[in-house]
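Reckoned from all heavy atoms, side chains included, excluding hydrogens, waters and symmetry mates. All values reported here derive from a predicted model rather than from experimental measurement.
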Amino acid sequence: DFYNQAINKFQLKDYVKNKKLKEKNIVSKTIRLGMTIHEVEAILGVPTSIAIEDDYELWFYNNHGLNKTYFFNNYILMKID
């Protein structure tokens, strides 16, 4: 029983370590055209605001005084302004 507890503890630590590495890899990614709306949100977080214009869903971010607009069509990033 003690052996199983030790194995479970080791597996849990390993799982947590791998999960943290995966999260760090997502955060370190740069935004590129063709990414999905979910990938962009995982990297940048929730946008400041969202609007619909023509066929695009526009996501607005204001980070440290820099305003950026991300244009999505069918949940795919098409343009960054």
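To the nearest 0.5 Å, atom CD of residue E39 and atom OH of residue Y75 are 15.0 Å apart. The distance from atom CG of L58 to atom CD1 of I52, rounded to the nearest 0.5 Å, is 8.0 Å. Rounding to the nearest 0.5 Å places CG of L44 at 4.0 Å from CD1 of I31. Rounding to the nearest 0.5 Å places CD1 of I80 at 5.5 Å from OH of Y70. If you take OG1 on T69 and CD1 on I50, they are separated by 12.0 Å, rounding to the nearest 0.5 Å.
If you chain together ILVMFWY residues whose side-chain heavy atoms come under 4.5 Å of each other, I7 ends up grouped with Y3.
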Original post:
Passes side chain to side chain contact (heavy atoms under 4.5 Å, CB included), K9 versus L12? Steps please.
Top reply: CA-CA 5 Å; K9 199 175 218 181; L12 181 60; 5.8 Å; no

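In terms of the side-chain contact (heavy atoms from CB on, under 4.5 Å) criterion, N74 has no residue partners (sequence neighbours excluded). With sequence neighbours excluded, the residues that form a side-chain contact (heavy atoms from CB on, under 4.5 Å) with I76 are T36, M78. Under the rule for a side chain to side chain donor-acceptor pair (under 3.5 Å), the partners of N62 that lie at least two apart in sequence or sit in another chain are N67. Looking at residues two or more places apart in sequence or on another chain, you find a side-chain contact (heavy atoms from CB on, under 4.5 Å) between D14 and K17, N18.
Judged as a side chain to side chain donor-acceptor pair (under 3.5 Å), the pairs with a partner in residues 41-57 (not counting sequence neighbours) are, in order, E57-W59.
Residues M35 and I43 form a side-chain contact, since some pair of their non-hydrogen atoms from C-beta on lies under 4.5 Å apart.
Formation of a donor-acceptor pair under 3.5 Å by the Y61 side chain with backbone atoms of G45 is found in this model.
Minimum interatomic distance between F71 and D81 (heavy atoms only, all atoms of both residues): CE1-CB, 3.6 Å.
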